[in-house]
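Have a look at the structure below, then the notes.
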Amino acid sequence: MEVSVVLRKMKKYNPEIIEKKWQKLWAEKKIYRSKVDQTKKKFYVLEMFPYPSGKIHMGHLRNYTIGDVTARFYKLNGFNVLHPMGWDSFGMPAENAAIENRVNPKDWTEQNIRSMKSQLMKIGLSIDWEREISTCDPDYYKHQQKIFIEFFKNGLVYKKDSFVNWDPIDKTVLANEQVIDGKGWRSGAIVEKKKLSQWFLNISRFSEELLNDLNQLNNWPEKVKLMQKNWIGLSEGAEIKFKSSESKLSIDVFTTRPETIFGASFIALSVEHPLSLKFSENENFVKFRNKCLKFQEAKDSGQEKIGFNTYLFVDHPFLKNKKLPVYFSNYVLINYGNGAIFGCPAHDERDYAFAKEYNIPIKCIIKGKEKELPYCETDEKDTLTNSEFLDQKNIKNAKETIIEKIEKNKIGQKSIKFKLKDWGVSRQRYWGCPIPIIYREDGKILTVEDDELPIKLPEDIELGSSGNPLENHPNWKITKCSKTGMGAIRETDTLDTFFDSSWYFLRFCSPKSAQKAFETNELSYWMPVDHYIGGIEHAILHLLYSRFFARALKVCGKKIPKEPFKKLITQGMVCHETFRTKDNKWIDPKNVCKENGTYWTKQGDKKIKVIRGRSEKMSKSKKNVVDPDSIVFTYGADTARLFMISDSPPERDLEWSIDGIKAMYKYLEKIYDLLSSKLNFILTLKNDIELSHEEKKAYEFTNKTISLFSEDVKKYRFNTAVAKLRELSNFLIRRKLEGDIFDYCWSIYLRLIYIITPHFSQELAYNAGSDQIIENVKWPEADLNISSNSEETIVIQINGKKKGTINVEENVTKDKLIETILGSQNHYSINLSKTKKIIFVPNKIINFVV
RNA sequence: GCGAGCGUGCUGAAAUUGGUAAACAGACAGGACUUAAAAUCCUGCGGGUGGUAACACCCUUGUGGGUUCAAGUCCCACCGCUCGCACCA
């Protein structure tokens, strides 16, 4: 007997009691524990791990329900399933809370993890909690520091000066989202750009690979692949050197349109281009540069283009005696190409606007259909003009010719550039993983020795005063070089939290391993993640960084699949209706009532009219948040899970509806009432039993549902899967079956819905005399051989329009069918002599064309 | 501006490779039960025309065209919405 303790059976549906009861038993029996088993096929289901904010939200409930249904489905289908959970527990909210509430970030985080974990437990997820990890745990970040060191040793991480958002009042660095209208979110100070020396991961080294390998990801949404593709941003073109015959000046320019070189009339540089150093003493230039940087920061500065004339000139590489003026401009960006372009105003909108502004000549060199400049199309039929040896050539041809010429003249070469920039991982923050680097007094930058790891965060810190607590700590940063005894200071920056989440899925394979970040055996068994489920908001950064980590770790000699996630499911948001007052104050939908088509809320004694907005993603600011924990408390986890699954397909947004929840509860209650006293839980139907026609139909319907439901679950079409279950239950209720066939059909039903409503199914099975834990019962196999009727409904059409249907035996021939139709009472005014053509699709349709 | 996706009842949505549009739900309405309410059960629920009625016929998947025996599905144009990127040379 698997359920070895005797549990109280519930006659009435009481989710609160039964869910607690089974969760306790399942935990005691450790039924979700996963172990490597080479004799079984593995299946790794992972949902993106949560940030421990303290409370789960609807998005979590949806995400983890989708994952759980999947995990249980594959487990019951004989796979060895790994389904772990952990905490993405470093990050700014802990620091903010620490400042606001004077609590230690560690305590705050741990408290949040405890309360969120208990909320997750109540959802009844099939998670192997023995594998729980938390990124702020030194046992986790110790290995992360080792990874950083390995990256360092393999040249995958380096230090470089880079600009950050600096709050001069709080003396802190701000994330982009903490800068609101150019001001610090807390202090209100105008944010400055400050140059700091920071650590970078060399992700751009893999640009091409990360781009090309997207093609292998057949089970990723096209949308996500496209977003990554655009982010990596490949462009093909040429690099061209512009030199001056009068000075040493030489500027390397990148262009995707080298064939327009004869239309070049100026050079434009980013204000951060190396040449700008020559002007650093020039007051006007410094002013101009600051203005440009501000423009580029504030993305709403429009398309206004400003320039700074250097009065320097370079020679045109193909036109003798033609000199091109060199400008600095705000519209040239330092982090793309070389931060330098040649301007061809006739065929580039931006160059055109700039040239107009500064009276630079505009020379047309492409004969296109449209006469108006700028003409920026690249039509295959267009030909070049005013371009010497390129004249008459089409664009493609001209491009090839000019690149050849450039390479022959040794003034440049064909070139491929990527938008993807190296990943800056330094954060001037306390609550993150310390970077295991020391700066020795002799100027050397060294990684920390292995036996000194982990470099733990100090707990006696002062938060709330300005600056980085690690920087301000009296002695944490002061250390010694363990080899030489020389004085040294620690790196006080911590790692971007995306670093933490770029390898946690690897750690889940061997979360307890003390010596190594991951055990090769376990890793090679479990990886890659088979199904990875999470929000679309991580389409680029997290997923790209994780793909990069896999490659970078390979470079460090680790045996890891280079694509960590085989199939990706991006779930939509959970939305809810919104209400606003006339003066745009958001009102919680709970406080709104409807009368005669208008909406009201009460403020004090007054009734105030409110405007109904559209349904939007649940957010605190819009006051349309519903707390999943209270829903689980009131209606039970199974109701909540069923609702989360059945309304919309996973990738689409889900409309929250309390009526929907209530209806799910009623449905479960109805089935519970029906089955709790009547059912005997059985796994198979006795072979020797003689079934009536009706019973055969029920048997057939049930087995068909097994197959349809399983197919839908495999394809993540949970909403239609549930619809099929409801069709089955509607059918079974209506048929009023008795005895064995009743037991058989309903037992199958319970086994199918089990993956969605595990407590409900388990309780009913237990009530019905089963001592089995359904988690261990193999998924039912569909018997599709028995056919209770050999009839097919065939649609009769005239000119493609439905006129009626007729029931005939299966696989009827065309001639027989026509005969039957004409012989039937209602022959749908078909006149064969006027019929030109008869289209017949076996078992489906017959169409008379008249 | 560039790129992608989506437009189906009052609402969430279904509809294999083109083959019965609206499965399955929610809301609503009517009825049964009840002293009453709730719960539960039953019925109806895209629009129109004709008929006392059962019923019959016609229209209907954002708009307009096209391909096809047959279009929600394929093609073209337009309109609207959503998302991503955004001076990327």
Side-chain angles (χ1 to χ4, degrees), chain A residues 221-231 233-235 237-238 253-258 260 268 270 295-296 299 301-305 329-344 347-351 353-354 376 417-421 536-537 539-540 572-573 575 577 614-615 643 646-649 651-664 666-667 669-670 673 711 715 717 719-730 733 793-805 835-841 843-850:
Chain A
E222 287 303 318
K223 185 188 162 108
V224 174
K225 288 195 274 184
L226 192 70
M227 280 164 77
Q228 291 213 355
K229 186 182 164 204
N230 292 338
W231 188 262
L234 166 90
S235 38
V253 154
F254 175 71
T255 177
T256 53
R257 299 199 63 190
T260 62
S270 156
F295 262 41
Q296 288 169 359
K299 286 181 173 159
S301 64
Q303 303 283 309
E304 193 192 339
K305 288 172 182 56
S329 176
N330 64 323
Y331 83 93
V332 183
L333 307 174
I334 188 60
N335 42 30
Y336 192 75
N338 300 330
I341 60 152
F342 73 75
C344 175
H347 308 291
D348 184 284
E349 276 179 32
R350 297 151 305 176
D351 297 344
F354 189 81
C376 308
K417 295 279 179 191
F418 293 94
K419 224 160 81 180
L420 183 65
K421 286 172 275 173
I536 185 88
E537 67 273 17
I540 299 174
M573 300 178 296
C575 297
E577 56 190 347
R614 53 166 202 194
S615 178
F643 175 75
S646 46
D647 233 34
S648 304
E651 65 277 9
R652 230 183 282 182
D653 287 349
L654 174 75
E655 183 63 34
W656 169 261
S657 139
I658 192 65
D659 287 324
I661 284 281
K662 286 178 184 164
M664 289 302 159
K666 278 187 210 166
Y667 174 70
E669 195 181 32
K670 182 170 96 176
D673 286 345
E711 280 311 302
K715 290 179 190 150
R717 302 198 312 197
N719 54 332
T720 52
V722 171
K724 273 146 205 167
L725 277 183
R726 297 199 65 144
E727 277 180 273
L728 176 63
S729 62
N730 289 347
I733 289 168
T793 305
I794 292 188
V795 176
I796 301 162
Q797 294 182 336
I798 295 173
N799 288 339
K801 280 188 182 162
K802 180 191 161 194
K803 293 292 163 191
T805 59
T835 302
K836 277 192 251 167
K837 205 169 161 188
I838 299 168
I839 312 277
F840 174 62
V841 183
N843 296 327
K844 240 177 201 164
I845 217 155
I846 184 154
N847 185 14
F848 297 87
V849 185
V850 294

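So that the names make sense, note that chain A is the first sequence line, chain B the second, and so on, each numbered from 1.
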### Sugar-phosphate only, base, or nothing, as touched by A:Lys419 at under 4.0 Å among non-hydrogen atoms
base
### Message
Just to be sure I understand the rule, does A:Lys670 reach a base, reach only the sugar-phosphate, or reach nothing, if contact means heavy atoms closer than 4.0 Å?
### Response
sugar-phosphate
### Task
Send over the distance from A:Ile798 CD1 to B:C58 C1', rounded to a whole Å.
15 Å
### Message
What is the distance, to the nearest angstrom, from the CD atom on A:Glu655 to the C1' atom on B:U11?
### Response
9 Å
### Query
Among B:A89, B:G3, B:C69, which nucleotide sits nearest the side chain of A:Ile839?
B:C69
### Query
B:A89 phosphate, OP1 or OP2: any side-chain N/O from A:Thr255 under 4.0 angstrom?
no
### Task
Sort out the partner of B:C57 for me: Watson-Crick or G-U wobble, both distances under 3.5 Å, none otherwise.
B:G48
### Query
Any Lys/Arg nitrogen of A:Glu727 or A:Lys724 sitting under 4.0 Å from an Asp/Glu carboxylate oxygen of the other?
no
### Message
Roughly how many Å apart are B:G3 and B:C76, using the P atom of each and rounding to a whole number?
### Response
15 Å
### Query
Is B:G9 in the syn or the anti form, by the rule that syn lies within 90° of 0?
syn
### Task
Provide the Watson-Crick or G-U wobble partner of B:G3, both distances under 3.5 Å; none if there is no partner.
B:C83
### Query
P atom, B:C78 versus B:G26: distance in rounded Å?
42 Å
### Query
Given B:A14, is OP1 or OP2 found less than 4.0 Å from the side-chain N or O atoms of A:Arg652?
yes
### Message
Is there a side-chain contact between A:Ser646 and the phosphate of B:G12, meaning an N or O under 4.0 Å from OP1 or OP2?
### Response
no
### Query
Which listed nucleotide (B:G84, B:C81, B:C87) is nearest to the side chain of A:Met227?
B:G84
### Task
Grab the CD1-P distance between A:Ile536 and B:G5 for me, whole Å please.
13 Å
### Query
Who pairs with A:Asn730 by side chain to side chain contact (heavy atoms under 4.5 Å, CB included), at least two apart in sequence or on another chain?
none
### Message
With no hydrogens and no angle check, just 3.5 Å: does a side-chain donor-acceptor pair link A:Glu577 and A:Ser615?
### Response
no
### Query
Taking atom CD1 of A:Ile845 and atom CD of A:Gln797, what is their separation to the nearest 0.5 Å?
3.5 Å
#### Entry: Distance, C1' atom - from B:U8 to B:C81, rounded to whole angstrom
15 Å
## Note on the structure
Against the side chain of A:Lys666, the closest entry in B:C69, B:A4, B:U40 is B:U40
### Message
Show the nearest heavy-atom pair for residues A:Asn719 and A:Pro649, with the distance to one decimal.
### Response
ND2-CD, 3.5 Å
#### Entry: Opposite nucleotide pairing with B:G9, Watson-Crick or G-U, both atom distances under 3.5 Å
none
### Query
Starting at the 5' end of RNA chain B, which residue's closest nucleotide do you reach first, A:Glu349 or A:Leu234?
A:Glu349
### Query
According to the Watson-Crick and G-U wobble definitions, with both distances under 3.5 Å, which nucleotide is paired to B:U73?
none
### Task
Sticking with atom C1', work out how far B:G9 lies from B:C2, rounded to a whole angstrom.
36 Å
### Query
How would nucleotides 20-26 of chain B be written as a contact map, 5' to 3', with B for base contact, S for sugar-phosphate-only contact and - for no contact, using protein heavy atoms under 4.0 Å?
B--BSSS
### Task
For A:Phe342 and A:Val253, work out which heavy atoms get closest and say how close.
N-CG1, 3.5 Å
### Message
Let's test this: given Watson-Crick or G-U wobble pairing with both distances under 3.5 Å, identify the partner of B:U40.
### Response
B:A32
### Query
Is there a donor-acceptor contact under 3.5 Å linking the side chains of A:Ser270 and A:Tyr331?
no
### Summary
Here the distance between atom C1' of B:C87 and atom CD of A:Glu304, to the nearest Å, is 13 Å
### Message
What's the gap between B:U49 and B:C41 when it is taken at their C1' atoms, as a whole Å value?
### Response
35 Å
### Task
Starting at atom CG of A:Asn230, determine the distance to atom P of B:C2, rounded to an integer number of angstrom.
14 Å
### Query
Taking the C1' atom of each, how far is B:C59 from B:G72, in whole Å?
16 Å
### Query
If we take the P atom in both B:G46 and B:A54, what is their distance in whole Å?
16 Å
### Task
Answer yes or no: does a side-chain N or O of A:Lys223 lie under 4.0 Å from OP1 or OP2 of B:G5?
no
### Partner nucleotide of B:A21 by Watson-Crick or wobble geometry (both distances under 3.5 Å)
none
### Task
Using whole Å, report how far NZ of A:Lys801 lies from C1' of B:U60.
11 Å
#### Entry: Integer angstrom distance from the C1' of B:A29 to that of B:U35
25 Å
### Query
With both distances under 3.5 angstrom, what nucleotide forms a Watson-Crick or G-U wobble pair with B:A14?
none
### Task
Check every strand shown and say whether A:Lys305 touches a base, only sugar-phosphate, or nothing at a heavy-atom separation below 4.0 Å.
base
### Summary
Here the gap from A:Phe354 atom CZ to A:Asp348 atom CG, rounded to the nearest 0.5 Å, amounts to 12.0 Å
### Query
Expressed in angstrom and rounded to an integer, what is the separation of A:Glu669 atom CD from B:A39 atom C1'?
9 Å
### Query
Between A:Lys803 and B:C57, does any side-chain N or O lie under 4.0 Å from OP1 or OP2?
no
### A:Phe254 six-ring centre to A:Lys417 NZ/CZ under 6.0 Å and within 45° of normal
yes
### Summary
What one should report as the nearest heavy-atom pair of A:Ser648 and A:Asp653 is OG-O, 3.4 Å
### Task
To the nearest Å, give me how far apart CG (A:Leu333) and P (B:A89) are.
10 Å
